[in-house]
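What follows is a single structure, written as structure tokens, with notes after it.
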Amino acid sequence: MKIIFAGTPEFAAVALKALINSPHEIVAVYTQPDRPSGRGLKLTPSAVKSLALEHHLTLCQPATLKDEIEQEKLANFKADVMVVAAYGLLLPAAVLTIPRLGCINIHPSILPRWRGAAPIQRTLFEGDTETGVAIMQMDVGLDTGPVLSQTRFKLTGDETSQQLHDKLAQMGAEALVETLSLLEQNSITPQSQDSTKATYANKISKEEALIDWSRPAEELAREIRAFNPWPVAHTTWQDQGLRVWYAKALQDITNLPPRTIVHASKEGIDVATGEGVLRLLQLQLPGGKMLPVADFYNAHRNLLAEGNLFE
């Protein structure tokens, strides 16, 4: 089939690589315009753009697809289908019907659970035990289109957002290639979503990443994993910001007030919460690198006495 691919970050690049290695023909790659990045705010190409250039694919970077000229340009590629993965730009209704078989999307959740912007983070945030990847036919709603295929994945309970992202990106790429083959053979019956079971994965904000020590340790451990690698959970310690990259909830019970250091050693810094004890395992101070707790403890053991507080 002739395919237009639209995507921007690494999640999408994994799918594009799978398409490059498939029998299908990629007639064009759409990705967002280069964005300023880093301390120098240098214009930086997306992961999808870099891969497309490496393989000499036709590249398009419109600021919007609402423009009729851009829509006409897209139509001129005469694609059978448009594949969308974390593109980041709205596809107007007019675009959805341009390819012969419409537009399909790779979504990292089991729809209709976690429609929206941050399904991976919300999956971990809420403590789901199962997730997966849906390949869906796009319509004008927010992840509301009929599902073409779904692949499920059992969570271990220890994944960070980065680890789950990498797993689902690979699963999505494999599911995409298989689904396209079935679509080409007209061997798929789209399944409508049950909107009464829909949940929405609202965009993650930096403000959410501030640790509220009055909350249960189990919830905090999940959120810390969900915020890794962005925006990274944080608190205040010794009058400076402290990023917490990884932590685990313990079965221990304590009567100490939240924020209090219960115990500190090379194995972990145990902090009282609103319910239970949270063991901090990977930490980072301003201007420093992320450290395993043993290194952090060795450098700061004099300040980590039992009874001291996190702010």
Validation row: [X], [Y] side chains within 4.5 angstrom (heavy atoms):
{"X": "Thr8", "Y": "Leu89", "result": "no"}
{"X": "Ile211", "Y": "Ile224", "result": "yes"}
{"X": "Met82", "Y": "Ile98", "result": "no"}
{"X": "Gln170", "Y": "Glu174", "result": "yes"}
{"X": "Ile269", "Y": "Leu283", "result": "yes"}
{"X": "Arg122", "Y": "Ser109", "result": "no"}
{"X": "Ile135", "Y": "Glu178", "result": "no"}
{"X": "Ser161", "Y": "Leu124", "result": "yes"}

[X] side chain to [Y] backbone, donor-acceptor under 3.5 Å:
{"X": "Ser50", "Y": "Ser46", "value": "yes"}
{"X": "Glu306", "Y": "Ala264", "value": "no"}
{"X": "Ser205", "Y": "Lys203", "value": "no"}
{"X": "Asn308", "Y": "Leu303", "value": "yes"}
{"X": "Gln163", "Y": "Thr160", "value": "yes"}
{"X": "Thr273", "Y": "Trp213", "value": "no"}
{"X": "Gln282", "Y": "Pro292", "value": "no"}
{"X": "Asn105", "Y": "Val84", "value": "yes"}
{"X": "Gln150", "Y": "Leu111", "value": "yes"}
{"X": "Arg225", "Y": "Glu159", "value": "yes"}

Hey, could you give me the [atom1]/[atom2] distance between [X] and [Y], rounded to the nearest 0.5 Å?
{"X": "Leu148", "Y": "Gln137", "atom1": "CG", "atom2": "CD", "answer": "5.5 Å"}
{"X": "Leu155", "Y": "Leu164", "atom1": "CG", "atom2": "CG", "answer": "6.0 Å"}
{"X": "Arg113", "Y": "Thr131", "atom1": "CZ", "atom2": "OG1", "answer": "9.0 Å"}
{"X": "Leu278", "Y": "Lys248", "atom1": "CG", "atom2": "NZ", "answer": "12.0 Å"}
{"X": "His56", "Y": "Glu54", "atom1": "NE2", "atom2": "CD", "answer": "8.5 Å"}
{"X": "Leu74", "Y": "Asp67", "atom1": "CG", "atom2": "CG", "answer": "12.0 Å"}

Is it the case that more than 12 heavy atoms not belonging to [X] sit under 6.0 Å from its [atom1] atom?
{"X": "Ile253", "atom1": "CD1", "result": "no"}
{"X": "Gln185", "atom1": "CD", "result": "yes"}
{"X": "Asn298", "atom1": "CG", "result": "yes"}

Please list all pairs passing the ring-ring contact (aromatic ring centres under 6.0 Å, His included) test where one or both residues lie in [range], with sequence neighbours left out.
{"range": "residues 250-283", "value": "none"}
{"range": "residues 67-98", "value": "none"}
{"range": "residues 155-206", "value": "Phe11-His165"}
{"range": "residues 97-124", "value": "none"}

Residues clustered with [X], ILVMFWY side-chain links under 4.5 angstrom:
{"X": "Ile110", "answer": "none"}
{"X": "Ile204", "answer": "Phe125, Phe227, Trp230"}
{"X": "Val232", "answer": "Trp245, Met290"}

Test of understanding: clusters of I, L, V, M, F, W, Y form through side-chain heavy atoms closer than 4.5 Å, transitively. Do [X] and [Y] belong to the same one?
{"X": "Tyr246", "Y": "Leu280", "result": "yes"}
{"X": "Leu19", "Y": "Val48", "result": "yes"}
{"X": "Val27", "Y": "Leu101", "result": "no"}
{"X": "Val81", "Y": "Val29", "result": "yes"}
{"X": "Leu65", "Y": "Val140", "result": "yes"}

Subject >> side chain to side chain donor-acceptor pair (under 3.5 Å) between Gln162 and Asp166, worked out >> reply: CA-CA 6 Å; Gln162 184 66 61; Asp166 294 349; 3.0 Å; yes
What is the minimum heavy-atom distance between [X] and [Y], and which atoms define it?
{"X": "Ala221", "Y": "Ala247", "result": "CB-O, 4.0 Å"}
{"X": "Pro190", "Y": "Pro146", "result": "CB-CB, 3.7 Å"}
{"X": "Ala94", "Y": "Gln71", "result": "CB-OE1, 3.5 Å"}
{"X": "Thr254", "Y": "Gly276", "result": "CG2-O, 4.3 Å"}

Original post:
Can you tell which of Val133, Thr151, Val14, Ile106 makes a side-chain contact (heavy atoms from CB on, under 4.5 Å) with Leu168?
Top reply: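 With Leu168 as partner, Val133, Thr151, Val14, Ile106 yield a single side-chain contact (heavy atoms from CB on, under 4.5 Å), made by Val133.
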Apply side-chain contact (heavy atoms from CB on, under 4.5 Å) to [X] and list each qualifying residue two or more places apart in sequence or on a separate chain.
{"X": "His24", "result": "Met1, Ile3, Ser22, Leu180, Ser181, Glu184"}
{"X": "Ile20", "result": "Leu16, Ile26, Leu51, His55, Leu57"}
{"X": "Thr144", "result": "Arg115, Asp139"}

Subject >> Salt-bridge contact Asp80-Arg100 (side-chain N to carboxylate O under 4.0 Å) >> reply: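 A salt bridge is present here (some side-chain N lies under 4.0 Å from a carboxylate O).
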Subject >> Arg215 bridged to Glu223 by N-O distance under 4.0 Å >> reply: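 Yes, this pair counts.
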Side chains of residues 237-244: which donor-acceptor partners sit under 3.5 Å, not counting sequence neighbours?
from   : atom 1 : to     : atom 2 : distance (Å)
Arg243 : NH1    : Gln284 : OE1    : 3.3

**OP:** Check the pair Asp34 / Thr44 against side chain to side chain contact (heavy atoms under 4.5 Å, CB included), numbers first and verdict last.
**Re:** CA-CA 5 Å; Asp34 296 0; Thr44 304; over 6 Å; no
Subject >> Modelled atom types, side-chain donor and acceptor of Ser265 and Glu267, under 3.5 Å >> reply: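 Present: a donor and an acceptor within the cut-off.
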**OP:** Starting from the C-alpha separation in whole Å, work towards a yes-or-no answer on side chain to side chain contact (heavy atoms under 4.5 Å, CB included) for Lys266 and Val293.
**Re:** CA-CA 6 Å; Lys266 293 181 180 180; Val293 70; over 6 Å; no
Original post:
Applying salt bridge (Lys or Arg N to Asp or Glu O under 4.0 Å), which residue pairs with at least one partner in residues 269-294 are found, sequence neighbours left out?
Top reply: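 Residue pairs passing salt bridge (Lys or Arg N to Asp or Glu O under 4.0 Å), neighbours aside: Asp270-Arg279.
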